[in-house]
Amino acid sequence: MHRIVPLIFALALLLPVGLPGAVAAPAAAQATPASAAQPAIAWEPCSIPEMPTRECAALVVPLDYDEPDGATIDLAVARIPATDRDGRIGSLVLNPGGPGGPGVVGLAIQYPWLPEAVRERFDIVGFDPRGIGESATVRCFDSAAERFDFLYFGEMPRVPVGPEQEAAWDRAAEELAQRCGERNAETLDHLSTANVARDMDRLREAVGDEALNFFGTSYGTYLGATYANLFPDAIRAMALDGVIDPPSYAGVDRGDGAPDSTSFLRILSNQGSADALQAFFAECAAAGPDACAFAAPTAAETALKFDALMERLRAEPMVVQGVAGTLTVTYSNVVDVVWNALFTAPTWSGLAQGLQRLDEGDAAGFLIVRGLVGGPPATTYSNVLEGQFANNCLDTDNPDDPARYRELARQAEERTPYFGALWTYQALPCAFWPAEDADRYTGPWDAETSAPILLISRLYDPATPHSSAVAAAETLANARLLTIDGWGHGYFVGGRSTCADDYTAAYFIDLTLPPVGAVCAEDVAPFSEPAPEEAAASPPAATPVTMPYPQAPARRGYLPAENGTRMRPASPQST
């Protein structure tokens, strides 16, 4: 989830899809048998203003690959054809992350970030993985309004503070799991990444490619690694960006009892966020107060300034009276906003400006600067959150005792303040999840692939830390790591690196890998661009963002007490 540098991930989900025959309601499994040979895909125009050349289709796949002639589901697919038709190499399939990120919407967001040479030579293809977007959609609420109220104004703050909020989180997570189980009984047991990988191989056949070209971000790297080990001889080129180490994420029990950690803690997402925050303090102090409004003379002093602000908020939220009613800014709200901003370094000047407003007691200014005020709740149903749990809870081992999450959160907070509890609670609904997929893939992860895999990782990635990419390079049998000396989550959100663009284009077009140990610089450092207010005179062009790896429960505390005006929730920018 979400795409940044516009901080609001949910905005990406408002793009019109235009899929022929698409419906908002979840698709029930069909009784028609799946064909033994995957037929060629039938594309139809489905233009949107941002992508007038886009085409859409539905791909029919088995609901259960153990019963290939049984019920089927339709997957939503979209593509933008190669601009150099004579030089076309094939199709490049994208996954924007999540889990829960819709690839059809994500296509319009990710496409402009790809090197021009890649767009020239490949049809760029996005698809909604099963259970997500418009592909056999997991829907746990009767309406978009009901979903919005439960997830954004219910009892699931990003970081619960105190026993009362922790107990409320338990109740909400259990209710969410129950809702999802009751409304999606036919499909919920068949949504593992292994089945998504099998779907992707059907998609490869349908677009006419003998071998797969794939670019996966964040969760998409786990999908790519799963595909590589299920279909090791069917890869032409595969780039994995914002890398998850697959065995750490899966956490398969090796016979020594129940899992004692969660998927996100095992891949050290909390440490990645903590390291990214320290990088924010260092870059802010180095830039000085003219460029970074929150700067103190040194990185250490800037960190202490932040700690003092957060302690005040933990003790007592800030309340502001305004035309929108009574607005409250809590500790959890600010952790959430900071966490989201760490995904995209170009937003750091705006984050610093918002934190400075808050430090001065201007809660309204903080909300305005961070773009959190205004607008009614969405009326279009987006199932990014449900999709995350529907996949993650099938794919990964997590404790089944809710009390264990509280213990893990406290331990993680000691190691990584602010983000330990946040990442722990990302997985809590898995303690109650009512489904299991017998087709889940649990390894091994070291199959010899028909082509080397390119791994791309930033040094200060707040969701999938560089250490996870290093581990994955050792886990996978045939991989090469390209490091970007920079900040943010993933190729499509962190920022721009021309050096990484050139290596990526050479890899997909000529199958040329970067040198061993290659490191690329960012084109633009944090705080080198004006903060939002300073840039207001010349609005920037729309900037695409990808979906962040974990699209977790939304935060509470933004609902005015005296009227129906809503505040716009912040979500990670990224997949």
Side-chain angles (χ1 to χ4, degrees), residues 2-9 113 241-242 271-306 309 334-359 366 369-371 418-419 456-466 483-501 519-536 538 540-541 543-546 548 570 572-574:
H2 321 318
R3 294 85 289 294
I4 338 190
V5 274
L7 236 203
I8 308 303
F9 158 65
W113 285 84
D241 155 57
Q271 188 63 58
S273 295
D275 291 345
L277 180 60
Q278 293 303 315
F280 168 81
F281 295 145
E283 296 297 324
C284 178
D290 289 341
C292 176
F294 195 68
T298 67
E301 290 172 289
T302 305
L304 288 173
K305 180 179 177 181
F306 180 78
L309 170 62
V334 179
V335 171
D336 184 35
V337 167
V338 170
W339 177 69
N340 274 278
L342 293 177
F343 279 67
T344 302
T347 69
W348 285 7
S349 59
L351 172 64
Q353 189 178 90
L355 289 175
Q356 182 60 28
R357 293 283 187 88
L358 200 60
D359 192 55
F366 167 78
V369 168
R370 297 312 305 151
Y418 309 118
F419 306 111
I456 306 172
S457 175
R458 280 182 160 81
L459 285 179
Y460 299 102
D461 187 318
T464 53
H466 190 257
T483 297
I484 300 176
D485 184 6
W487 317 262
H489 181 48
Y491 182 92
F492 294 97
V493 152
R496 176 66 75 184
S497 170
T498 301
C499 166
D501 284 350
V519 178
C520 284
E522 299 274 16
D523 288 357
V524 179
F527 304 109
S528 58
E529 296 180 345
E533 283 191 346
E534 298 166 358
S538 52
T543 308
V545 281
T546 183
Q573 350 15 295
S574 130

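Numbering starts at 1 and runs along the sequence shown.
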Chemist: Taking only residues two or more places apart in sequence, or in another chain, which ones meet Gln356 in a side-chain hydrogen bond (donor to acceptor under 3.5 Å, both in side chains)?
Modeler: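 Partners of Gln356 by the side-chain hydrogen bond (donor to acceptor under 3.5 Å, both in side chains) criterion, ordered by chain and then number, come out as Lys305, Glu360.
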
Chemist: So, for Phe366 and Gly354, which heavy atoms are closest and what is the spacing to 0.1 Å?
Modeler: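 Distance-wise, the nearest heavy atoms are CD1-O, 3.2 Å.
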
Chemist: When rounded to the nearest 0.5 angstrom, what distance separates CG in Leu355 from CG in Leu309?
Modeler: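 The CG atom of Leu355 sits 6.5 Å away from the CG atom of Leu309.
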
Chemist: If you measure from SG on Cys499 to CD1 on Ile484, what distance do you get to the nearest 0.5 Å?
Modeler: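 It is 8.0 Å, given to the nearest 0.5 Å.
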
Chemist: Do you know which two heavy atoms are closest between Ala276 and Trp348, and how far apart they sit?
Modeler: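 The pair with the smallest heavy-atom distance is O-CH2, 4.1 Å.
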
Chemist: Kindly determine whether Tyr418 and Val338 satisfy side-chain contact (heavy atoms from CB on, under 4.5 Å), including the steps that lead there.
Modeler: CA-CA 10 Å; Tyr418 309 118; Val338 170; over 6 Å; no

Chemist: Suppose we screen for salt bridge (charged side-chain N to carboxylate O under 4.0 Å, His left out). Which residues come up paired with Glu283, at least two apart in sequence or across chains?
Modeler: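 Partners of Glu283 by the salt bridge (charged side-chain N to carboxylate O under 4.0 Å, His left out) criterion come out as none, since no residue qualifies.
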
Chemist: Which heavy atom in Ala285 sits nearest to a heavy atom in Ala299, and how many Å separate them?
Modeler: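 Result for this residue pair: CB-N, 3.4 Å.
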
Chemist: To the nearest 0.5 Å, tell me how far Trp487 CH2 sits from Asp461 CG.
Modeler: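 Interatomic distance, Trp487 CH2 to Asp461 CG, rounded to 0.5 Å: 13.5 Å.
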
Chemist: Can you check whether Thr347's main-chain N or O pairs, donor with acceptor, with Thr344's side chain at less than 3.5 Å?
Modeler: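 Answer holds: no.
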
Chemist: Who passes salt bridge (charged side-chain N to carboxylate O under 4.0 Å, His left out) against Asp501, sequence neighbours left out?
Modeler: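 Expected list: Arg496.
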
Chemist: How many angstroms lie between SG in Cys284 and CD in Glu301, if you round to the nearest 0.5 Å?
Modeler: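 Between Cys284 SG and Glu301 CD, I get 12.0 Å after rounding to 0.5 Å.
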
Chemist: Would you say Arg458's side chain and Gly490's backbone share a donor-acceptor pair under 3.5 angstrom?
Modeler: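 The answer is yes, because a donor-acceptor pair under 3.5 Å joins these two groups.
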
Chemist: Restricting to side chain to side chain contact (heavy atoms under 4.5 Å, CB included), what partner residues turn up for Ala352, sequence neighbours left out?
Modeler: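 Counting only residues at least two positions away or on another chain, Ala352 forms a side chain to side chain contact (heavy atoms under 4.5 Å, CB included) with Phe280, Cys292, Phe294, Phe527.
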
Chemist: From Leu277 CG over to Thr302 OG1, what is the distance, rounded to the nearest 0.5 angstrom?
Modeler: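 OG1 of Thr302 is found 10.5 Å from CG of Leu277.
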
Chemist: Could I get the full list of side-chain hydrogen bond (donor to acceptor under 3.5 Å, both in side chains) partners for Gln278, not counting sequence neighbours?
Modeler: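 By the side-chain hydrogen bond (donor to acceptor under 3.5 Å, both in side chains) rule, Gln278 matches no residue at all.
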
Chemist: So, Ser457 side chain and Thr483 main chain: donor-acceptor pair closer than 3.5 Å or not?
Modeler: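 Between the backbone of Thr483 and the side chain of Ser457 there is no qualifying donor-acceptor contact (under 3.5 Å).
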
Chemist: What are the two closest non-hydrogen atoms of Gly288 and Ala295, and how far apart are they?
Modeler: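 Looking at all heavy atoms of both residues, the shortest contact is C-CB, 3.7 Å.
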
Chemist: How would you list, by chain and number, every residue that makes a salt bridge (charged side-chain N to carboxylate O under 4.0 Å, His left out) with Asp359, sequence neighbours excluded?
Modeler: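 In terms of salt bridge (charged side-chain N to carboxylate O under 4.0 Å, His left out), with neighbours along the sequence ignored, Asp359 is linked to Arg312.
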
Chemist: Please name the pair of heavy atoms, one in Pro462 and one in Leu342, separated by the smallest distance, quoted to 0.1 Å.
Modeler: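 Smallest interatomic distance, heavy atoms only, reads CG-O, 3.5 Å.
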
